[in-house]
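Lettering of chains follows the sequences in order, A, B, ..., and the numbering in each one begins at 1.
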Amino acid sequence: MPEQVTVTLPDGKALTFPRGVTGGEIAAAIGPGLAKAALIITLDGKEWDLFRPIEQDAKIRIITRKDHESLELIRHDMAHVLAMAVQALYPGTQVTIGPAIEDGFYYDFARAEPFTPDDLPKIEEEMRKIIKAGLPTRREVWPRDKAIAHFKGIGESFKAELIASIPSDEDVSIYWHGTWHDLCRGPHFRTTAEIGDAFKLTKISGAYWRGDAKNAQLQRIYGTAWRDKKELDAYLTRMEEAEKRDHRKIGKEMDLFHIQEVATGQIFWHANGYTLYRALENYIRRQLVRADYIEVKTPLLLDRKLWEASGHWENYREHMFLAEVEDENRTLVVKPMNCPAHVQIFNEGLKSYRELPIRMAEFGSCHRYEPSGSLHGIMRVRGFVQDDAHIFCTHEQITPETTSFCKLLQACYKDLGFEEVRVKLATRPENRIGSDAVWDQAEKALAEATTAAGLEYLINPGEGAFYGPKLEFVLRDSIGRDWQCGTLQVDFNTAERLGAGYIAADGARHAPVMLHRAIVGSLERFIGVLIEHHAGKFPLWLAPVQVAVATVVADADAYAQEVVAALKANGLRVILDTENQTVNYKVRQHSLAKTPNLMVLGRREAENRTITLRKLGGEGQESLALEAAISMLSAEAVPPDLR
RNA sequence: GCCGUAGUAGCGUAGUGGUAGCGCAAUCCCUUGGUAAGGGAUAGGUCGUGAGUUCGAUUCUCACCUACGGCACCA
C-alpha cells in the first residue's frame with residue numbers, strides 16, 4: 001500500500017497527501033476560505049463526506065454552497081434533522097425514509113398518534129436548536145446482520161426491513177449526528193450547523209410504506225429548504241403567486257364554473273366558462289378538419305357486453321358508473337371512454353385498406369368513478385370531455401400517423417400559448433394484454449415516429465396503458481409547472497377484440513391498428529391549466545368578456561348602447577356598465593374582473609364618436625375613433641389559427 | 001379509498017354552552033363623478049346534514065356528506 005495519495009483538482013492541479021487524508025484537510029490545505037466553505041467533495045464523481053478518509057489516488061471536486069449540488073445535500077441533511085427533532089419530541093416514533101425532493105424534503109414516520117399542524121412550529125423550533133448545536137457527523141460501516149439486529153433491538157422495525165433489502169454487496173453505512181444515528185447512504189455535512197436554517201416545515205400527510213396502498217400508512221412531514229433566507233423567501237413568494245392563480249379561485253372570481261354536492265366531480269359551466277370552453281372546442285375542431293379527421297358522436301350509455309368484449313369491464317369495473325332500468329334486464333355502462341363506440345362505427349360496412357387511415361374524432365363525454373381523494377377542482381373530475389380520436393390504420397401507417405400527430409400537437413400547443421413541450425414514452429406495464437413481440441413493435445414504432453417529428457423523449461417505464469404503450473406530452477406553464485395533457489397510445493388489441501377488420505391488398509381480412517390520441521386530453525383539465533397559465537388574463541380570443549363599455553356620466557348611456565351594439569355586430573363579446581358609479585370604481589371593478597379591454601365613454605366621446613380604451617394591465621389609455629377601435633379589436637380577437 | 005384539516009349571508013371572514021357580528025357584493029337614496037374602492041340607509045344567516053350529551057348546542061361528542069393538503073389511483 002502506498003503511503004501517499006495524489007488527488008487531482010478540476011483545474012488539473014495534482015496534490016499529494018498522506019494516505020487517509022480527508023476532503024476537509026485538502027480544502028484547508030488549499031485555503032482557509034475554502035476550508036470553511038466546503039460541504040462535501042466528489043471523489044471520481046462519487047459524493048464523499050469531508051471527514052471520510054481518502055485511500056487512493058482520485059480526481060476530486062470540492063462542493064460548496066455555491067454549487068448547485070448543495071441544495072440537494074442541504075435538503076437531505078435537513079431530513080435527518082427533522083427525524084432527530086421528531087424523535088426527541090415524540091419518543092417511540094419510528095423513522096423510515098426521508099429523501100430530498102424538488103424544493104425541499106420530507107420524512108416518513110411511524111407513530112400511532114397523528115401529527116397535527118400545531119406540531120409543526122414545535123418541531124421547527126427543535127430543528128433550529130439541533131442546527132444551532134452544530135452536532136458533529138460521524139460515519140460507520142456495519143455488517144448487515146449487526147445493523148439489522150441493532151435496529152430491531154431499538155424498535156426500528158422499518159429500518160431493519162430497509163437494511164434487509166440492501167444488496168448484500170453494498171456497505172451498510174450508519175451516520176451519527178451527535179448521539180442520534182440513522183441508516184443512510186450519505187453524504188452529510190461535517191456538523192448540523194453547516195446546513196443553515198433557511199427552511200420551513202410546510203405540510204403533513206399520510207403516506208404508504210414503500211408507496212404501496214396495501215402497506216401500513218405512515219405520517220409524512222414535508223419541508224422546504226434553501227441555501228439562504230433570500231432563496232427561501234423567493235420560494236414562499238412563488239407559492240403565494242401560484243395560490244393566487246389557482247383555477248378554483250379564479251373560476252369563482254370570473255364566474256366561470258362551480259361544483260356542488262349534487263354532482264360531485266362534475267362541473268356546472270357558467271356562461272363565462274362555457275364561452276371559454278367553446279372557444280377552445282372550436283379551435284380544436286378546426287385543427288381536426290384541417291388534419292383530415294372525421295367527427296362523430298356516440299351514445300353515453302352502452303351495454304356492459306361491449307365493455308366485457310373490450311377488456312375494460314375486467315380491468316376497470318369498479319371505476320364505472322352503471323345505469324339500469326327496471327323493465328330491462330341488462331346493465332348499461334356510462335361510457336368511461338370512447339374507443340369501443342368508435343369501433344362500432346368502424347364496423348358498419350366493409351372497410352378496405354384503401355380507406356385507411358380513418359381518423360375518427362369525437363368530443364367524447366366520459367364518466368369515471370375516480371377515487372374521492374383524487375378529485376381536484378376541474379383538473380381531476382368524474383365527468384369530462386376528451387378531445388378524443390382513434391386513428392384506424394395499418395401497421396405501416398403507425399409511424400407516419402404518429403409523426404404527423406406530434407406535429408399537429410406541437411402546433412396546437414403553440415397556438416394555445418405553450419412553447420415548451422416534452423415527450424415521455426410510457427412502456428409496457430405489468431398488468432397488460434398482448435404478446436411481448438407486439439409490445440416490442442409498438443414501443444419501437446412510437447420511438448421512431450417521435451424522433452422523426454423532431455422531438456426528444458424520455459422513457460417512462462411501466463406506465464403504458466394495459467393495451468399498448470403511449471406517448472405522453474407534457475407542457476410547461478408560465479410559472480414552470482408541468483402538465484401532462486396530450487397522449488397517443490398504440491393499440492393492437494381493441495380492434496381485434498371487438499371484431500374490427502378491413503380487407504387488405506392481399507384480399508385477406510386484418511384487424512386495424514388503433515391509435516388513441518388526444519391533444520388537450522380533457523377539455524375541463526386543459527381549461528384549468530389555461531386559467532392557471534394565464535392567471536385568468538386570457539388572450540383576447542379566449543377571454544369570456546372581451547370588452548367592457550363603461551360610462552362616465554348618464555348622458556353617455558345612449559352612445560354607450562350604440563357602441564355595444566356595434567361591437568356585438570362585429571362578433572365581440574361585450575358587457576355594458578352604465579352603473580351609477582365613479583370612473584375609478586369602474587376601472588377597478590373591470591380590472592379585477594380581468595376584462596382585457598375597457599372602453600370609458602363620457603360626453604367627449606359621445607360628441608366626437610370616439611372611444612377611450614384602457615387595456616388590462618396597461619397604465620394609460622388612448623382615444624380612438626369608434627370604427628378604428630372596432631377593427632383593431634376584431635383583428636386582435638381572431639383565433640391564432642385564423643390569422 | 002387512506003391520513004390530516006375544515007365547512008358561519010352570494011364571496012371573504014370573526015366569534016360564543018344562553019340561537020350570531022364585520023368587510024365586499026346586493027337593494028334604495030344622495031352624488032353625474034374622466035381612469036384601481038364617493039357618501040348614507042336597508043335587507044339578507046334553521047352557523048354542511050343527522051343523531052347524542054345538556055335546562056339550553058352554531059359551540060361539546062359521534063356518524064355521514066363535501067371541500068382542502070398530501071398518499072394511493074388515473075383505461
Side-chain angles (χ1 to χ4, degrees), chain A residues 106 108 111 114-119 202-222 246 248-249 252-253 255 258-265 307 310-320 335-340 366 368-377 379-382 384 386 388 429 431-433 463-468 470 484 487 489 491 494 516 521-522 525 550-557 578 580-592 598-605 612-614 616-621 623:
Chain A
Y106 69 77
D108 285 348
R111 177 179 178 236
F115 292 112
T116 73
D118 294 340
D119 295 327
T202 50
K203 54 202 169 195
I204 300 170
S205 156
Y208 297 105
W209 169 237
R210 299 199 150 171
D212 190 334
K214 290 195 279 290
N215 291 342
Q217 191 158 37
L218 308 169
Q219 296 186 63
R220 177 171 298 178
I221 297 178
Y222 283 94
D246 187 305
R248 293 163 297 193
K249 187 164 178 283
K252 202 167 269 176
E253 287 166 359
D255 195 18
H258 86 272
I259 296 174
Q260 69 183 64
E261 291 188 25
V262 295
T264 307
W307 304 100
S310 71
H312 291 99
W313 181 265
E314 194 187 336
N315 283 286
Y316 293 103
R317 180 181 38 205
E318 66 278 25
H319 297 293
M320 290 175 174
K335 72 174 173 186
M337 58 188 328
N338 308 297
C339 357
C366 296
R368 297 178 185 174
Y369 183 66
E370 301 287 8
S372 56
S374 69
L375 301 179
H376 178 88
M379 300 284 206
R380 184 85 184 270
V381 287
R382 288 179 176 162
F384 56 97
Q386 292 177 324
D388 202 3
N431 180 20
R432 61 176 183 265
I433 54 178
E463 294 294 317
F466 73 89
Y467 50 68
K470 58 183 177 186
Q484 197 240 301
T487 184
Q489 306 170 7
D491 180 359
T494 304
H516 308 243
S522 112
R525 177 176 152 87
T551 51
V552 181
V553 290
D555 288 355
D557 285 3
T578 54
N580 176 7
Q581 265 298 356
T582 60
V583 172
N584 277 337
Y585 182 87
K586 292 186 180 186
V587 167
R588 180 177 158 81
Q589 291 305 308
H590 297 294
S591 299
L592 290 177
L598 175 62
M599 287 185 183
V600 176
L601 306 182
R603 288 199 192 91
R604 287 206 298 266
E605 288 79 5
T612 299
L613 183 66
R614 183 191 170 100
L616 179 62
E619 285 294 310
Q621 53 270 339
S623 181

**Request:** Quick one: label A/Leu592 by what it contacts on the DNA or RNA (base, sugar-phosphate, nothing), any heavy atom closer than 4.0 Å.
**Result:** base
**Item:** Value in whole Å for how far the C1' atom of B/rA75 lies from CD of A/Glu370
**Value:** 10 Å
**Message:** Looking at B/rA72, I'd like to know if its phosphate oxygens (OP1 or OP2) sit under 4.0 Å from a side-chain N or O belonging to A/Lys214.
**Reply:** no
**Message:** When you compare the side chain of A/Met320 with that of A/His312, does any pair of heavy atoms fall below 4.5 Å?
**Reply:** yes
**Item:** Candidate nucleotides B/rA37, B/rG34, B/rC74, ranked by approach to the side chain of A/Asn584 - the nearest
**Value:** B/rA37
**Complete:** Closest to the side chain of A/Val553, out of B/rU32, B/rG34, B/rA37, is B/rU32
**Fill in**
Checking N1-N3 plus N6-O4 or O6-N4 for Watson-Crick, or N1-O2 and O6-N3 for wobble, each under 3.5 Å, the partner of B/rU59 is none
**Message:** Measuring only the P atom in each nucleotide, how far is B/rC3 from B/rC64? A whole number of Å is fine.
**Reply:** 11 Å
**Item:** Partner nucleotide, any strand, of B/rG4 [Watson-Crick/G-U, under 3.5 Å]
**Value:** B/rC68
**Request:** For B/rU42 and B/rG15, measure between their C1' atoms and round to the nearest Å.
**Result:** 25 Å
**Prompt:** Just how far, in rounded Å, is P of B/rG1 from CG of A/Asn215?
**Reply:** 20 Å
**Message:** Does A/Arg380 contact B/rC74 through a side-chain donor or acceptor facing the base, at a distance under 3.5 Å?
**Reply:** yes
**Prompt:** Just how far, in rounded Å, is P of B/rC71 from CH2 of A/Trp209?
**Reply:** 17 Å
**Prompt:** With sugar-phosphate meaning primed atoms plus P, OP1 and OP2, does A/Lys249 contact a base, only sugar-phosphate, or nothing at under 4.0 Å between heavy atoms?
**Reply:** nothing
**Request:** Could you state the atom-to-atom distance from CE of A/Met599 to P of B/rG34 in whole Å?
**Result:** 21 Å
**Request:** Mind listing the closest non-hydrogen atom pair of A/Glu370 and A/Arg382 along with its distance?
**Result:** O-NH2, 2.8 Å
**Distance between C1' atoms of B/rG17 and B/rU53 (Å, rounded)** = 12 Å
**Prompt:** 5'-most contact on RNA chain B: A/Gly377 or A/Ala207, nearest heavy atom basis?
**Reply:** A/Gly377
**Request:** Return the nucleotide paired to B/rU42: Watson-Crick means purine N1 to pyrimidine N3 with N6-O4 or O6-N4, wobble means G-U with N1-O2 and O6-N3, both under 3.5 Å.
**Result:** B/rA26
**Request:** Using whole Å, report how far CG of A/Asp255 lies from C1' of B/rG12.
**Result:** 16 Å
**Fill in**
Taking B/rG70, B/rU66, B/rU35 as options, the one with an atom nearest any side-chain atom of A/Tyr222 is B/rG70
**Asked** Using the C1' atom in both, what is the distance from B/rG56 to B/rU16, to the nearest Å?
**Response** 14 Å
**Item:** Under-4.0 Å side-chain N/O to phosphate OP1/OP2 contact, A/His376 with B/rC74
**Value:** no
**Request:** Please work out if A/Gln621 contacts a base, only the sugar-phosphate, or nothing of the nucleic acid, heavy-atom cut-off 4.0 Å.
**Result:** base
**Request:** For B/rA6 versus B/rG10, give the span between their P atoms, rounded off to a whole number of Å.
**Result:** 23 Å
**Request:** May I ask you to say what A/Ala465 touches in the nucleic acid, namely base, sugar-phosphate or nothing, with a heavy-atom cut-off under 4.0 Å?
**Result:** sugar-phosphate
**Request:** Sort out the partner of B/rC74 for me: Watson-Crick or G-U wobble, both distances under 3.5 Å, none otherwise.
**Result:** none
**Message:** Does A/Glu605 contact B/rG34 through a side-chain donor or acceptor facing the base, at a distance under 3.5 Å?
**Reply:** yes
**Prompt:** Under 4.0 Å between a side-chain N or O of A/Lys586 and OP1 or OP2 of B/rG33?
**Reply:** no
**Fill in**
Shortest non-hydrogen pair, A/Asn215 vs A/Tyr208, comes out as O-CD2, 3.7 Å
**Per A/Pro371 side chain, nearest of listed nucleotides B/rA72, B/rC74, B/rU5** = B/rA72
**Asked** Of the nucleotides B/rA75, B/rC68, B/rG34, which has the atom closest to the A/His319 side chain?
**Response** B/rA75
**Message:** Taking only side-chain N and O atoms of A/Thr582, does any of them lie within less than 4.0 angstrom of OP1 or OP2 on B/rG38?
**Reply:** yes
**Asked** What integer number of Å spans the P atoms of B/rC62 and B/rA67?
**Response** 22 Å
**Complete:** Nearest heavy-atom approach of A/Gln621 to A/Arg614 is OE1-NH1, 4.0 Å
**Fill in**
For A/Ile259 and A/Gly265, the nearest pair of non-hydrogen atoms, with its separation, is CG2-N, 4.3 Å
**Request:** Examine B/rU66: is either OP1 or OP2 under 4.0 Å from a nitrogen or oxygen in the side chain of A/Thr264? Give yes or no.
**Result:** yes
**Request:** For the pair A/Val553 and A/Arg603, evaluate side chain to side chain contact (heavy atoms under 4.5 Å, CB included) and give the outcome as yes or no after the intermediate values.
**Result:** CA-CA 7 Å; A/Val553 290; A/Arg603 288 199 192 91; 4.1 Å; yes
**Request:** Might you point out which heavy atoms bring A/Pro336 and A/Trp307 nearest each other, and give the distance in Å?
**Result:** CD-CH2, 3.5 Å
**Message:** Looking at A/Tyr208 and B/rG1, is any side-chain donor or acceptor paired with a base atom of the opposite kind under 3.5 Å?
**Reply:** yes
**Message:** Using whole Å, what does the distance between atom P of nucleotide B/rC73 and atom CG of A/Leu375 come to?
**Reply:** 16 Å
**Request:** Please confirm whether any donor atom in the side chain of A/Arg614 sits under 3.5 Å from an acceptor in the base of B/rA36, or the reverse.
**Result:** yes
**Message:** Is A/Arg248 close enough to B/rG69 that one of its side-chain N or O atoms is under 4.0 Å from OP1 or OP2 there?
**Reply:** yes
**Asked** Contact class for A/Arg432 (heavy atom, under 4.0 Å): base, sugar-phosphate, or nothing?
**Response** nothing
**Message:** Measure NZ/A/Lys203 against P/B/rU5 and give the value in whole Å, please.
**Reply:** 17 Å
**Asked** For atom C1', what is the distance between B/rU19 and B/rG45, given to the nearest Å?
**Response** 11 Å
**Message:** From the set B/rC65, B/rA25, B/rC74, return the single nucleotide nearest to any side-chain atom of A/Tyr585.
**Reply:** B/rA25
**Fill in**
Heavy-atom nearest pair, A/Tyr222 first then A/Ser205, reads CE1-CB, 4.0 Å
**Message:** Return the pairing partner of B/rG21 with a 3.5 Å limit on both distances, Watson-Crick or G-U wobble; otherwise return none.
**Reply:** B/rU13
**Item:** Shortest side-chain distance from A/Glu261, nucleotide among B/rG34, B/rU66, B/rA36
**Value:** B/rU66
**Residue matched to B/rA37 through Watson-Crick or wobble contacts both under 3.5 angstrom** = none
**Request:** Could you say whether A/Ser372 or A/Gly211 is positioned toward the 5' end of RNA chain B, judged by the nucleotide with the nearest heavy atom to each?
**Result:** A/Ser372
**Whole-angstrom distance between B/rG18 and B/rC22, as gauged at atom C1'** = 22 Å
**Whole-Å distance separating the CZ atom of A/Arg368 from the P atom of B/rC74** = 11 Å
**Message:** Within a 6.0 Å radius of atom CD on A/Glu318, are there more than 12 heavy atoms belonging to other residues, nucleotides or ligands?
**Reply:** yes
**Prompt:** What nucleic acid atoms does A/Gln489 come within less than 4.0 Å of, heavy atoms only: base, sugar-phosphate, or nothing?
**Reply:** sugar-phosphate
**Derivation of the side chain to side chain contact (heavy atoms under 4.5 Å, CB included) call for A/Tyr316 and A/Arg368** = CA-CA 9 Å; A/Tyr316 293 103; A/Arg368 297 178 185 174; over 6 Å; no
